[in-house]
Chemist: 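Here you go, one structure.
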Amino acid sequence: MKREERHTQIVEQLYHQDSISVESLANKFEVSQETIRRDLTILAEAGLLRKVHGGAVRLQTAHEDTFALRSQVNRPAKEAIGRYASEFISHGDSLFINAGTTTNIFAKYLLDKTDLTVVTNCASVAETVWQEDGSTNQIFLLGGKYNGTDTETQGSLLLKQLRLFHTDHAFVTLGAVDANNGFMEYRVEAADIIRAMFQQARRTTVLADSTKVDHAILVKICDLGDVDRLITDLPPSSDLQIALDEADVELHITETPMRQGN
């Protein structure tokens, strides 16, 4: 196994169980404990975990995990979701896209579309959709307070600009969804942006891999019935499936490559 593949599996395992030991990782990957210690040092320096005596722990903060960590977790599922979601976009469509690891992936699958109008608060999404060699796509990058970690803008100035647009679609990623609380985010600012995009779009689609399904977090965005379509990689709980059906939300399950290590 290549070192990069081992690193990806370490990060994903830590995302789900909070702490890991050098010994267990060495046994799992059939490498020396010194190799694992070097792996953990590299990942800690990249801001993906925190080394402790005998192993590593997940970064613990009052906020969402770092963009770097989220971009590695469940990557095959996010690729499948992004590819699947792009099939709902036709040439000439207009759409909102918010900032997030899954929407960044979704954006790259729009490159075969033409005459799109994309309104986004994410600089990396805008850069992906814009093509230097004769692009026919039109991109509006909403201005506001800049968060360089996620290459996103936010704040009241952004919301004022956003409400000038009415689009065919809103394709967003978010923090969580469950049967009782609906769709949720970690940050009030991010929830405000998503809510405004939903209000200004004719049809709304949430892109959420299975790590975000069937649990609740800090800030409610909206009820289940305020969204038209949910695209995820694995079937959710029966409670959520029933709630989505009762709220008339289309549930789409992608065909995701088998996760490494399973």
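Not measured: the values here are computed from a predicted model.
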Chemist: Decide whether Leu141 and Leu164 are clustered together by the hydrophobic rule: side chain heavy atoms of Ile, Leu, Val, Met, Phe, Trp, Tyr closer than 4.5 Å, transitively.
Modeler: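 Different clusters: Leu141 never reaches Leu164 through Ile, Leu, Val, Met, Phe, Trp or Tyr contacts under 4.5 Å.
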
Chemist: What pairs of residues pass the salt bridge (charged side-chain N to carboxylate O under 4.0 Å, His left out) test when at least one of them lies in residues 101-124, not counting sequence neighbours?
Modeler: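 Residue pairs with at least one partner in residues 101-124: Glu79-Lys108.
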
Chemist: Please confirm whether the backbone N or O of Ser21 pairs with a side-chain atom of Ser24, one donor and one acceptor, at under 3.5 Å?
Modeler: yes

Chemist: With sequence neighbours left out, what residues match His252 under side chain to side chain contact (heavy atoms under 4.5 Å, CB included)?
Modeler: Tyr84, Phe88, Arg229, Ile231, Glu250

Chemist: Please check this pair: side chain of Thr8 against backbone of Glu4, looking for a donor-acceptor N/O pair closer than 3.5 Å.
Modeler: yes

Chemist: If you look at every heavy atom in Ala243 and Leu224, which pair is closest and at what distance?
Modeler: CB-CD1, 3.6 Å

Chemist: For Asp245, what residues pass the salt bridge (charged side-chain N to carboxylate O under 4.0 Å, His left out) criterion, not counting sequence neighbours?
Modeler: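 Salt bridge (charged side-chain N to carboxylate O under 4.0 Å, His left out) list for Asp245, sorted by chain: empty.
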
Chemist: Before giving the answer on side-chain contact (heavy atoms from CB on, under 4.5 Å), spell out for Val206 and Val172 the whole-Å C-alpha distance, their side-chain angles and the decisive distance to 0.1 Å.
Modeler: CA-CA 5 Å; Val206 168; Val172 309; 4.1 Å; yes

Chemist: If you define the side chain from C-beta out and look only at heavy atoms, does anything of Cys122 sit under 4.5 Å from Asn98?
Modeler: no

Chemist: In the structure I gave you, are the side-chain heavy atoms of Val227 and Phe198 within less than 4.5 Å of one another anywhere?
Modeler: yes

Chemist: Nearest 0.5 angstrom please: Gln33 CD to Asn27 CG, how far?
Modeler: 7.5 Å

Chemist: How far does CG of Leu40 sit from CD1 of Ile20, to the nearest 0.5 angstrom?
Modeler: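 The CD1 atom of Ile20 is 6.0 Å from CG of Leu40, to the nearest 0.5 Å.
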
Chemist: Measure centre to centre between the rings of Phe171 and Phe106, then say whether the value is under 6.0 Å.
Modeler: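 Aromatic pair counts; centres sit under 6.0 Å.
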
Chemist: If two hydrophobic side chains count as joined below 4.5 Å and joins carry through other members, does Tyr146 share a cluster with Leu158?
Modeler: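 The answer is no; the residues belong to distinct hydrophobic clusters.
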
Chemist: Sequence neighbours left out, what passes side chain to side chain donor-acceptor pair (under 3.5 Å) with Ser86? Give chain and number order.
Modeler: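 If we apply the side chain to side chain donor-acceptor pair (under 3.5 Å) test to Ser86, skipping adjacent residues, there are no hits.
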
Chemist: Applying side chain to side chain contact (heavy atoms under 4.5 Å, CB included), name anything that partners Arg195, two or more places apart in sequence or on another chain.
Modeler: Ala191, Asp192, Gln199, Ile221

Chemist: Can you name the residues that form a salt bridge (charged side-chain N to carboxylate O under 4.0 Å, His left out) with Glu246, not counting sequence neighbours?
Modeler: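 Applying salt bridge (charged side-chain N to carboxylate O under 4.0 Å, His left out) to Glu246 gives none.
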
Chemist: Check the pair Leu95 / Leu110 against side-chain contact (heavy atoms from CB on, under 4.5 Å), numbers first and verdict last.
Modeler: CA-CA 11 Å; Leu95 62 157; Leu110 300 178; 4.3 Å; yes

Chemist: Using only atom types and a distance under 3.5 Å, with no angle test, would you say the side chain of Asp93 pairs donor to acceptor with the backbone of Ile89?
Modeler: no

Chemist: Considering only heavy atoms from C-beta outward, does the side chain of Thr101 approach that of Lys78 to under 4.5 Å?
Modeler: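 Thr101 reaches Lys78 side chain to side chain.
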
Chemist: When you check the side-chain N and O atoms of Ser94 and Asp168, is any donor under 3.5 Å from an acceptor?
Modeler: yes

Chemist: Around atom CD of Glu30, are there more than 12 heavy atoms of other residues, nucleotides or ligands at under 6.0 Å?
Modeler: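 Incorrect, the count does not exceed 12.
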
Chemist: Say you draw a straight line from CD1 of Ile81 to CD1 of Ile105; how long is it, rounded to the nearest 0.5 Å?
Modeler: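 So the gap between those two atoms works out to 8.5 Å.
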
Chemist: For Val219 and Tyr186, work out which heavy atoms get closest and say how close.
Modeler: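 So the two residues come closest at CG2-O, 4.0 Å.
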
Chemist: Nearest 0.5 Å, please: how far is OG1 in Thr41 from CD1 in Ile36?
Modeler: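 Rounded to the nearest 0.5 Å, the CD1-OG1 separation comes out at 11.0 Å.
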
Chemist: Any side-chain heavy atom of Ile42 within less than 4.5 Å of one from Arg3?
Modeler: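 Result yes, sub-4.5 Å side-chain heavy-atom pair found.
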
Chemist: With the threshold set at 4.0 Å, does a side-chain nitrogen-carboxylate oxygen contact exist between Glu5 and Lys2?
Modeler: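 Here Glu5 does not pair with Lys2 in a salt bridge, since their nearest N and O are not under 4.0 Å apart.
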
Chemist: Of all residues at least two apart in sequence or in a different chain, which pass the salt bridge (charged side-chain N to carboxylate O under 4.0 Å, His left out) check with Asp239?
Modeler: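 Not a single residue meets the salt bridge (charged side-chain N to carboxylate O under 4.0 Å, His left out) criterion with Asp239.
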
Chemist: Using a distance-only test with no angle check, is there a side-chain donor-acceptor pair under 3.5 angstrom linking Thr153 and Asn121?
Modeler: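 No, because no side-chain N or O of Thr153 sits under 3.5 Å from a partner of the opposite role on Asn121.
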
Chemist: Closer than 3.5 angstrom, by distance alone: can the side chain of Asp214 be matched with the main-chain N or O of Ser237 as a donor-acceptor pair?
Modeler: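 Looks like yes, one N/O pair under 3.5 Å.
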
Chemist: Gln161: what forms a side chain to side chain donor-acceptor pair (under 3.5 Å) with it, not counting sequence neighbours?
Modeler: none

Chemist: Is Ile10 close to Asp39 at the side-chain level, that is, under 4.5 Å between some pair of heavy atoms?
Modeler: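 A side-chain contact exists here, since the closest heavy-atom pair is under 4.5 Å.
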
Chemist: Side chain of Thr173, backbone of Gly100: donor and acceptor closer than 3.5 Å?
Modeler: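 Between the backbone of Gly100 and the side chain of Thr173 there is no qualifying donor-acceptor contact (under 3.5 Å).
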
Chemist: Hey, does Leu218 have a side-chain heavy atom less than 4.5 Å from the side chain of Met184?
Modeler: no

Chemist: When clusters are formed by joining ILVMFWY residues with side-chain heavy atoms under 4.5 Å apart, either directly or through shared neighbours, do Val213 and Leu251 land in the same one?
Modeler: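 The answer is yes; both residues are in one hydrophobic cluster.
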
Chemist: For Asp228, enumerate each residue passing the side chain to side chain contact (heavy atoms under 4.5 Å, CB included) test, keeping only those at least two apart in sequence or located in another chain.
Modeler: Arg203, Thr204

Chemist: Which residues pass the salt bridge (charged side-chain N to carboxylate O under 4.0 Å, His left out) test with Lys220, sequence neighbours left out?
Modeler: Asp223

Chemist: Just to verify, what does Thr120 make a side chain to side chain donor-acceptor pair (under 3.5 Å) with, not counting sequence neighbours?
Modeler: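 Once residues adjacent in sequence are excluded, Thr120 has no partner under the side chain to side chain donor-acceptor pair (under 3.5 Å) criterion.
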
Chemist: For residues Trp130 and Ile97: do they belong to one hydrophobic cluster (side chain heavy atoms under 4.5 Å, members Ile, Leu, Val, Met, Phe, Trp, Tyr)?
Modeler: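 In one cluster: yes.
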
Chemist: Measure the CG-CG distance between Asp233 and Asp209 for me, rounded to the nearest 0.5 Å.
Modeler: 5.5 Å

Chemist: For the residue pair Ala196 and Arg163, what are the closest heavy atoms and their distance?
Modeler: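 In terms of heavy atoms, the two residues are closest at CB-NH2, 4.2 Å.
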
Chemist: As an exercise, state the distance from NE2 of His169 to CG of Leu116, rounded to the nearest 0.5 Å.
Modeler: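 Here the interatomic distance stands at 9.5 Å.
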
Chemist: Using the rule given for side-chain contact (heavy atoms from CB on, under 4.5 Å), can you reason through Thr35 versus Arg6, listing the C-alpha separation, both sets of side-chain angles and the distance that settles it, and then say yes or no?
Modeler: CA-CA 11 Å; Thr35 295; Arg6 191 168 64 247; 3.5 Å; yes

Chemist: Who pairs with Lys160 by side chain to side chain contact (heavy atoms under 4.5 Å, CB included), at least two apart in sequence or on another chain?
Modeler: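 Lys160: no side chain to side chain contact (heavy atoms under 4.5 Å, CB included) contacts found.
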
Chemist: Is it true that Leu159 and Leu157 fall in one hydrophobic cluster, defined by side-chain heavy atoms closer than 4.5 Å?
Modeler: no

Chemist: Would you say that Lys28 contacts Gln13 through its side chain, given a criterion of any heavy-atom pair below 4.5 Å between the two side chains?
Modeler: yes

Chemist: What is the minimum heavy-atom distance between Thr103 and Ala99, and which atoms define it?
Modeler: OG1-C, 3.6 Å

Chemist: Return the minimal non-hydrogen interatomic distance between Ile253 and Leu234, and the atom names on each side.
Modeler: CD1-O, 3.7 Å

Chemist: Taking side chain as C-beta onward, heavy atoms only, is Tyr109 less than 4.5 Å from Glu87?
Modeler: no

Chemist: Taking the side chain from Thr128 and the backbone from Ser124, do they hold a donor-acceptor pair closer than 3.5 Å?
Modeler: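 Flag set: sc Thr128 to bb Ser124 pair under 3.5 Å.
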
Chemist: Does CD belonging to Gln241 count more than 12 external heavy atoms closer than 6.0 Å?
Modeler: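 Above 12, so yes.
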
Chemist: Go through it in stages, so that I can follow the logic: the residues are Ile217 and Arg187, the test is side-chain contact (heavy atoms from CB on, under 4.5 Å), and I'd like the CA-CA distance, side-chain angles, deciding distance and then a yes or no.
Modeler: CA-CA 10 Å; Ile217 53 177; Arg187 296 171 292 138; over 6 Å; no

